[in-house]
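When a residue number appears, it is its place in the shown sequence, counting from 1. Ligands are counted one by one from 1 in listed order, and the atoms in each one are counted from 1 as well.
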Amino acid sequence: MRPDILNLLFTPVTAVGGVGPKLGKLVGRFCGEKISDVLWHLPVGVNYRPQITDAAQVKIGEYATFQMKILAHKVPPTKKVPYRIIGEALGREVEIVFFNYHKSYLGRQYPEGKSIWVSGRVEPNGFGFKIIHPDYMAGVSQGIPEYEVIYPQTRGVSSKLIRKIISTALPVLPELPEWLDSTFQAKHGLPFWKNAVDQVHHPKSGGDLMPTHSARMRLAYDEILANQLALLLVRAQNKKAVGQVIQGTGQKVQELRKSLPFTLTGAQERVLIEIQRDMESKERMTRLLQGDVGSGKTIVALIAMITAVEAGVQSALMAPTDILARQHFDKISKLCAPLGITVGLLTGREKGSARREILERLENGEIQILIGTHALFTDMVTFKNLGLAIVDEQHKFGVHQRLNLVKKEKGVNLLVMTATPIPRSLALTVYGDMDVSRLDEKPVGRKPIETRVMSQDKIPELIERLKAKTETGGVQAYWICPLVEESEAADLMAVKKRFEILKQTFGERVGLVHGKMKGPEKDAVMTRFANGDLDVLVATTVIEVGVDVKNATIMIIEQAERFGLAGLHQLRGRVGRGSDASQCILVHGKKLTETAKKRLNIMRETDDGFVLAEEDLKLRGAGELLGARQSGLIEFKMADPTVQNELLWVATKDAQTILSLDPNLVSERGKALRVLLYLFQKDQELQTLKAG
Ligand code: ADP
Ligand code: MG
């Protein structure tokens with residue numbers, strides 16, 4: 001189990017004096033509840049507060065720290081008047097001004113004649129100077145730090161509180177065994193772990209806050225290395241795991257192919273061969289199928305499942321949402337019915353006797369292909385002989401979920417499909433435990449989507465044009481408004497308001513769906529849109545994941561600047577599915593940053609998801625991580641793959657070398673690396689060493 005040497009780092013923050021359960025909870029929500037979580041919460045700024053001994057050194061408008069002798073209190077008659085403490089410092093008169101104050105506290109704490117340290121921003125005041133609400137006032141023996149470290153803060157969790165937790169932890173930090181290769185460490189001038197932690201929390205200038213600073217690089221490297229090593233451990237275990245051998249006759253697949261109105265693309269054929277080879281082998285398949293929206297992943301999945309049916313085993317396809325599960329079910333059961341294959345649907349909405357019946361038919365093997373949501377594998381669902389599990393992932397079907405699935409369904413071949421095109425380097429950190437297939441070719445005959453960028457001032461004209469088009473052309477449109485957790489209430493209001501405005505033009509032919517609506521309610525609206533009873537569907541990003549409506553050829557995205565390229569690309573992929581030309585209109589707000597402008601322009605230039613993903617990584621800056629956060633892909637606390645991209649490759653290489661030399665991590669370095677893995681809570685991945 002976890003080595004004792006890490007105990008301090010895994011101690012809850014409530015162990016720090018003055019941090020009670022309530023505060024602990026707030027810290028937990030913001031940074032994490034362990035000491036290490038707070039240590040990984042890196043500073044974003046530093047204030048230099050030089051101690052000043054000569055009045056000539058005082059610079060108006062800057063921070064100054066000096067000793068002051070208290071001369072007098074000017075106690076105001078009412079709370080409306082500020083409270084002033086008059087003192088003498090550096091041979092000048094100094095005024096300390098308080099607008100918010102407790103009279104009695106100030107009187108008690110700072111009696112006349114006492115000398116104290118004061119620190120704050122200096123403002124002019126006659127011949128002397130004043131400080132309004134000093135940042136610090138402290139006893140002479142206590143002192144004030146020269147460098148004040150600033151942490152990201154939130155309501156209830158101040159920078160000061162974080163500073164307190166960190167300054168309690170730093171002096172008792174353990175010395176951990178070195179897990180870096182010494183040559184590598186020396187070559188890059190990386191400090192030892194304990195030093196690095198200490199250094200990142202003691203910045204002296206802006207340069208010390210840069211992700212390229214050696215201490216930050218060290219910690220980022222550690223974090224990435226732990227991640228890569230963990231994934232490779234899982235991969236090694238996968239490679240050893242015995243899987244069910246699935247060998248189809250090809251008969252039903254042949255029939256299916258004949259019934260399709262198209263022939264498969266070269267990429268689809270190639271990927272199918274890769275999948276088939278995996279299924280036929282004794283090793284369990286753990287494969288990722290990466291393919292842009294519209295690249296035709298579903299049919300690939302279906303052929304794999306029909307192959308399983310031919311071989312006499314069951315398969316399951318899991319979609320990220322109820323809506324998508326239903327859509328898959330409708331399409332797939334239509335294609336399967338003529339082949340005499342039984343398809344079942346199980347989501348959170350199948351309840352009571354209907355649910356029991358499905359579960360029964362699943363257990364007795366009558367249902368050959370089951371379609372449902374991810375919940376399938378957390379619930380008590382028993383298959384007769386599950387041989388193939390396919391996960392059509394939305395965003396987060398992470399390595400732990402994959403591990404749990406594989407643990408529960410032993411020997412089951414696993415295929416994960418993703419439409420989130422992510423840069424190759426990041427793919428390594430997310431999917432490093434799997435073999436990868438890429439669908440890098442779109443079905444022929446697709447008309448390109450014309451993409452336009454426009455300002456929100458033009459919305460009234462846009463509505464006019466849209467009205468004309470829907471009336472004469474029989475086309476339908478999506479109208480997307482962003483909804484982000486952090487500003488949920490305001491966003492929800494905005495989307496409802498947009499709906500009301502559009503109603504004035506479209507009346508009953510506009511619908512609204514958003515994430516706060518109940519499933520059946522959402523379904524009803526979606527169904528009306530799919531049936532053509534609605535011209536316009538106003539939506540938050542619930543439709544992001546794969547809904548297919550062929551007449552919908554217009555995609556309008558409001559506040560497009562708030563989305564990452566990946567997110568915009570996913571949304572745009574909802575149109576252009578039929579043979580008609582489609583349009584995507586990116587509507588932006590008035591204030592547009594340079595990066596946002598570039599991003600919208602790139603959207604106009606290319607519709608290749610992989611190209612966009614690489615560009616997204618290059619363009620993303622602090623504060624523009626919406627796409628990344630939404631996709632839930634970037635989980636690092638210290639490493640910033642947008643800046644430290646190079647480290648990803650190096651760490652992956654390093655991890656590969658380590659495991660090829662010491663697959664069980666028993667060497668000196670191997671043992672140290674175990675500590676690293678525990679440090680980053682890769683316990684579950686480490687378990688694979690014993691299990692394997
Ligand atoms: P995604 O990869 O986004 O899941 P889908 O599997 O939903 O894409 O496919 C998008 C559309 O393209 C579907 O309507 C599907 O029937 C169609 N399609 C799939 N493969 C081909 C092909 N080889 N040629 C033409 N159309 C295809
Ligand atoms: Mg799909």
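Geometrically, ligand 1 and G294 share a nitrogen or oxygen pair separated by less than 3.5 Å. For ligand 1, the polar-atom distance check against K297 finds a nitrogen or oxygen pair separated by under 3.5 Å. Below 3.5 Å of separation, one finds an N or O of G296 facing an N or O of ligand 1.
Proximity to L264 (heavy-atom distance under 4.0 Å) selects the following atoms of ligand 1: 23 (N). Heavy-atom proximity to T265, at under 4.0 Å, picks out these atoms of ligand 1: 23 (N). Those atoms of ligand 1 that come under 4.0 Å of a heavy atom in Q268, given as number and element, are 19 (C), 20 (N), 22 (C), 23 (N). Those atoms of ligand 1 that come under 4.0 Å of a heavy atom in T298, given as number and element, are 4 (O), 5 (P), 6 (O), 7 (O). Counting the atoms of ligand 1 from 1 in the order shown, those under 4.0 Å from a heavy atom of S295 are 2 (O), 8 (O).
For K410, there are no salt bridge (charged side-chain N to carboxylate O under 4.0 Å, His left out) partners, not counting sequence neighbours. Taking E366 as the reference, R361 meet the salt bridge (charged side-chain N to carboxylate O under 4.0 Å, His left out) condition, with sequence neighbours excluded.
Residue-environment remark: CD (Q251) stays at or below the threshold of 12 foreign heavy atoms within 6.0 Å. Within 6.0 Å of NZ on K442 lie more than 12 heavy atoms contributed by other residues, nucleotides or ligands. In this structure, K598 places its NZ atom where only 12 or fewer heavy-atom neighbours from other residues, nucleotides or ligands lie under 6.0 Å away.
Side-chain atoms of T451 and R572 include a donor-acceptor pair closer than 3.5 Å. Counting only N and O atoms by type, the side chains of R528 and N531 include no donor and acceptor under 3.5 Å apart.
Looking at T263 against ligand 1, only its backbone comes within 4.0 Å, counting heavy atoms. No part of M417 comes within 4.0 Å of ligand 1, judged by heavy-atom distances. With a 4.0 Å cut-off on non-hydrogen atoms, D292 touches ligand 1 through its backbone and not its side chain.
Between E350 and R326 there is a salt bridge, since at least one side-chain N of the basic residue sits less than 4.0 Å from a carboxylate O of the acidic one.
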